[in-house]
Amino acid sequence: MFVLNPNLPTPIYRQIQDQVRRLIAGGQLAPGDALPSVREVAEAQAVNPMTISKAYSLLEAEGLLERQRGKPMTVAALSNQSRTAQAQIIPLLQDLIVAARQLGLSDSELIQALSAELQQQEQS
């Protein structure tokens, strides 16, 4: 379910949070859908279980996930999930803009790089 990259500057728990948010916003995860257990994700991704637990707990605190004793974490009912996919992508875009400026890229260079990456994604 998760594609984690330990070489990215983004911590693993944030990568999980971001991916769960996107899956919910994109409709791939619906209210009531169960997430894989902490143990399953930790074993599959070779990650410390506490990292997965932290990501799930933070998502629970945001109201995106629900924890029921003895059952897997599930996607919460739509209280906080009314945010559109576009609204959910804004923080990621803000991070991208900050990173680009720190690297000294101009706005046009960033747009050009983003366009090239989008085209490459379409072709693969």
Do Ile52 and Leu65 share a hydrophobic cluster, counting only Ile, Leu, Val, Met, Phe, Trp and Tyr and linking them when any side-chain heavy atoms are less than 4.5 Å apart? yes
How far does CD1 of Ile97 sit from CG of Asp107, to the nearest 0.5 angstrom? 7.5 Å
Quick one: are Val41 and Val47 in side-chain contact, heavy atoms under 4.5 Å? no
Leu4 versus Gln19: any side-chain heavy-atom pair under 4.5 Å? yes
Given the rule that I, L, V, M, F, W and Y join up when any side-chain heavy atoms are under 4.5 Å apart, are Leu23 and Leu35 in one cluster? yes
At their closest point, which heavy atom of Val3 faces which heavy atom of Gln15, and how far apart are they? O-OE1, 4.1 Å
CG on Leu29 to OG1 on Thr74, rounded to 0.5 Å: 10.5 Å
Run the numbers on Val38 and Met50 for side chain to side chain contact (heavy atoms under 4.5 Å, CB included), then give the verdict. CA-CA 8 Å; Val38 168; Met50 292 303 294; over 6 Å; no
Spell out, as yes or no, whether a donor-acceptor pair under 3.5 Å connects the side chain of Ser53 to the backbone of Pro49. no
Gln28: side chain to side chain donor-acceptor pair (under 3.5 Å) partners, not counting sequence neighbours: none
Glu62/Val20 under side chain to side chain contact (heavy atoms under 4.5 Å, CB included): CA gap, chis, key distance, verdict: CA-CA 12 Å; Glu62 289 179 34; Val20 169; over 6 Å; no
Looking at Gln112, I'd like to know if its CD atom is crowded, meaning that more than 12 non-hydrogen atoms belonging to other residues, nucleotides or ligands lie closer than 6.0 Å. no
Between Met1 and Pro36, which heavy-atom pair has the shortest distance, and what is it? SD-CD, 3.4 Å
Minimum heavy-atom separation for Ile12 and Pro6, please, with both atom names. CD1-CA, 3.9 Å
Do Leu110 and Arg101 have side-chain heavy atoms sitting under 4.5 Å apart? no
Can you name the side chain to side chain donor-acceptor pair (under 3.5 Å) partners of Glu117, sequence neighbours left out? Gln121
Measure across Phe2 and Gln45 and return the closest heavy-atom pair with its distance rounded to 0.1 Å. O-NE2, 2.9 Å
To the nearest 0.5 Å, how far apart are CD1 in Ile111 and CG in Leu105? 11.5 Å
ILVMFWY cluster, Leu64 and Tyr13 together (side-chain gap under 4.5 Å): no
Flag side-chain contact, heavy atom, 4.5 Å: Leu118 against Leu114: yes
Tell me the closest heavy-atom pair linking Ala77 and Pro31, and the distance in Å. CA-CB, 4.0 Å
With a 6.0 Å cut-off (strictly less than), is the heavy-atom count around CZ of Arg22, excluding the residue itself, greater than 12? yes
Indicate the atoms forming the closest heavy-atom contact of Val75 with Glu66, along with that distance. O-OE1, 4.3 Å
For Arg67, does the CZ atom sit with more than 12 other heavy atoms under 6.0 Å from it, leaving out its own atoms? yes
